[in-house]
Student: 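Below you will find the structure I want to go over with you.
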Amino acid sequence: MIVGISTMRNEDDIAESVISHMLAEGVDLVFVAEGRSTDGTREILQSLKESTGQVEWWDDDEPFHRQAYWTDRLAAEAGARGATFVCPFDADEFIYAANGQSVAQALNECHADKLYLRCWSHRSWNERFVEPHRMPKVVYRWSPDARVTMGSHEVSLLG
């Protein structure tokens with residue numbers, strides 16, 4: 001099972017698109033820590049939860065952003081639910097595998113503990129990037145000892 005994890009705040013312009021993209025890439029579940037949005041992001045997450053049954057979200061009601069804390073907490077929840085792979089993503093990034101494969105296909109063929117995927121950053125619907133982001137995103141085989149770096153570009157795995 002592949003679980004995507006993210007933190008979001010005031011992402012009503014992109015939340016539905018990026019989560020739908022993750023599900024279309026074969027991610028089985030998406031977990032989101034929602035950080036006090038004022039723009040309708042919570043309603044979008046709730047609607048996706050009800051319509052897909054594959055999205056869950058938690059209130060992050062702290063006045064400051066604790067990305068590392070939420071990344072670890074959502075990853076632990078993914079592991080407790082039986083995740084094989086954890087796929088951290090940002091709300092403004094679309095993640096793809098190479099060679100036309102879906103993310104799920106690439107991970108199903110992966111024998112390593114981590115895999116780097118291409119991502120395209122979203123700035124606005126009028127501005128499109130031709131090349132992927134300079135730093136790929138890391139997806140990793142679930143481990144309780146894993147620690148993802150800020151930005152989800154690397155992970156440290158004990159052993």
Side-chain angles (χ1 to χ4, degrees), residues 1-35 37 39-60 67 70-71 73-143 146 148-149 151-155:
M1 176 171 51
I2 305 165
V3 179
I5 61 172
S6 187
T7 60
M8 294 187 184
R9 181 173 189 206
N10 290 334
E11 303 286 358
D12 72 342
D13 63 329
I14 193 74
E16 185 171 2
S17 295
V18 76
I19 290 172
S20 295
H21 169 75
M22 295 299 288
L23 296 175
E25 287 291 311
V27 171
D28 300 294
L29 293 172
V30 174
F31 294 166
V32 176
E34 198 294 315
S37 292
D39 68 351
T41 299
R42 288 173 177 251
E43 292 79 6
I44 291 167
L45 293 173
Q46 186 61 34
S47 176
L48 288 168
K49 177 180 180 174
E50 293 169 3
S51 66
T52 69
Q54 294 174 274
V55 176
E56 295 188 34
W57 63 280
W58 287 258
D59 282 315
D60 174 6
Q67 184 176 10
W70 279 104
T71 298
R73 181 172 168 188
L74 295 174
E77 182 67 28
R81 304 261 190 109
T84 305
F85 284 99
V86 177
C87 183
F89 67 97
D90 291 348
D92 63 350
E93 294 174 334
F94 291 84
I95 298 172
Y96 296 88
N99 303 322
Q101 291 182 306
S102 70
V103 168
Q105 289 169 326
L107 291 173
N108 286 332
E109 295 175 9
C110 180
H111 299 290
D113 288 333
K114 59 185 172 180
L115 180 66
Y116 298 96
L117 300 175
R118 300 177 299 166
C119 74
W120 272 261
S121 296
H122 169 85
R123 296 290 181 247
S124 76
W125 291 112
N126 297 320
E127 180 182 348
R128 302 287 162 62
F129 287 85
V130 176
E131 297 296 322
H133 193 283
R134 62 182 168 74
M135 294 184 72
K137 296 304 249 191
V138 67
V139 179
Y140 63 95
R141 197 172 299 279
W142 161 249
S143 166
V148 178
T149 62
S152 305
H153 302 292
E154 187 57 79
V155 63

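Just the heavy atoms: all of them, side chains too, but no hydrogens, waters or symmetry mates, feed the values below.
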Student: Is there side-chain contact between T71 and I5, with at least one heavy-atom pair below 4.5 Å?
Tutor: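 Touching, per the 4.5 Å side-chain cut-off.
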Student: For residues 50-59, which residue pairs qualify under salt bridge (charged side-chain N to carboxylate O under 4.0 Å, His left out), counting only residues two or more places apart or in two chains?
Tutor: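 For residues 50-59: R42-D59, E56-R81.
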Student: Start with the C-alpha gap between N108 and F85, add the side-chain angles, then the distance that decides, and say whether side chain to side chain contact (heavy atoms under 4.5 Å, CB included) holds.
Tutor: CA-CA 10 Å; N108 286 332; F85 284 99; 5.9 Å; no
Student: Please round to the nearest 0.5 Å and tell me the distance separating atom OH of Y96 and atom NE2 of H21.
Tutor: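 If we round to the nearest 0.5 Å, Y96:OH and H21:NE2 are 4.5 Å apart.
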Student: Measure the shortest side-chain to side-chain distance between K137 and D90 over non-hydrogen atoms and say whether it is less than 4.5 angstrom.
Tutor: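 They are in contact (side-chain heavy atoms under 4.5 Å apart), so the answer is yes.
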Student: Shortest non-hydrogen contact from S17 to F94?
Tutor: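 So the two residues come closest at O-CE2, 3.8 Å.
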Student: Taking all heavy atoms of A15 and all of T41, pick out the closest pair and write down the distance.
Tutor: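 Between these two residues, the closest heavy atoms are CB-CG2, 4.5 Å.
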Student: Flag the pair L48 / L23 as yes when at least one side-chain heavy-atom distance between them is below 4.5 Å, and no otherwise.
Tutor: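 Answer no - side chains too far apart.
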Student: Would you confirm whether D28, through its side chain, and V3, through its main-chain N or O, come within 3.5 Å as a donor-acceptor pair?
Tutor: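 Flag not set: sc D28 to bb V3 has no pair under 3.5 Å.
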Student: Once rounded to the nearest 0.5 Å, what's the spacing between atom CD of E43 and atom CD of E16?
Tutor: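 Interatomic distance, E43 CD to E16 CD, rounded to 0.5 Å: 12.5 Å.
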Student: With the side chain counted from C-beta on, respond yes when V139 and F89 share a heavy-atom pair under 4.5 Å apart, and no when they do not.
Tutor: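 V139 does not reach F89 side chain to side chain.
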Student: Quick one: OG on S6 to CZ on F31, what's the gap to the nearest 0.5 Å?
Tutor: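 Answer rounded to 0.5 Å: 13.0 Å.
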Student: Should I19 and V55 be marked as a side chain to side chain contact (heavy atoms under 4.5 Å, CB included) after you check the CA-CA gap, both sets of side-chain angles, and the distance that decides it?
Tutor: CA-CA 8 Å; I19 290 172; V55 176; 3.7 Å; yes
Student: Using only atom types and a distance under 3.5 Å, with no angle test, would you say the side chain of D39 pairs donor to acceptor with the backbone of D12?
Tutor: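 Yes.
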Student: Rounded to the nearest 0.5 Å, what's the gap from CG on D60 to CG on L74? Could you check?
Tutor: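 Between D60 CG and L74 CG, I get 9.5 Å after rounding to 0.5 Å.
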Student: Measure the shortest side-chain to side-chain distance between V18 and M8 over non-hydrogen atoms and say whether it is less than 4.5 angstrom.
Tutor: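 When only atoms from C-beta onward are counted, M8 and V18 do touch, with a gap below 4.5 Å.
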Student: Roughly how far, to the nearest 0.5 Å, is the SG atom of C110 from the CD atom of Q101?
Tutor: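 Atom-to-atom, Q101:CD and C110:SG are 10.5 Å apart.
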Student: For the residue pair C87 and I95, what are the closest heavy atoms and their distance?
Tutor: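 Shortest heavy-atom separation between C87 and I95 comes out as SG-CD1, 4.3 Å.
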Student: Okay, side chain of R9, backbone of S37: is any donor-acceptor separation there less than 3.5 Å?
Tutor: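 Between the backbone of S37 and the side chain of R9 there is no qualifying donor-acceptor contact (under 3.5 Å).
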Student: Nearest 0.5 Å, please: how far is CZ in R73 from OG1 in T7?
Tutor: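 If I round to the nearest 0.5 Å, the distance is 13.0 Å.
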Student: Tell me, do W58 and E77 make a side-chain contact under 4.5 Å, heavy atoms counted?
Tutor: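 They are in contact (side-chain heavy atoms under 4.5 Å apart), so the answer is yes.
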Student: If you look at every heavy atom in G82 and M1, which pair is closest and at what distance?
Tutor: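 In this case the closest contact between G82 and M1 is C-CE, 3.6 Å.
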Student: Could you tell me if the side chain of T84 sits less than 4.5 Å from the side chain of R141, heavy atoms only?
Tutor: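 Result yes, sub-4.5 Å side-chain heavy-atom pair found.
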Student: For residues P88 and Y140, report the shortest heavy-atom separation together with the two atoms involved.
Tutor: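 What the structure gives for the nearest pair is CG-CE2, 4.1 Å.
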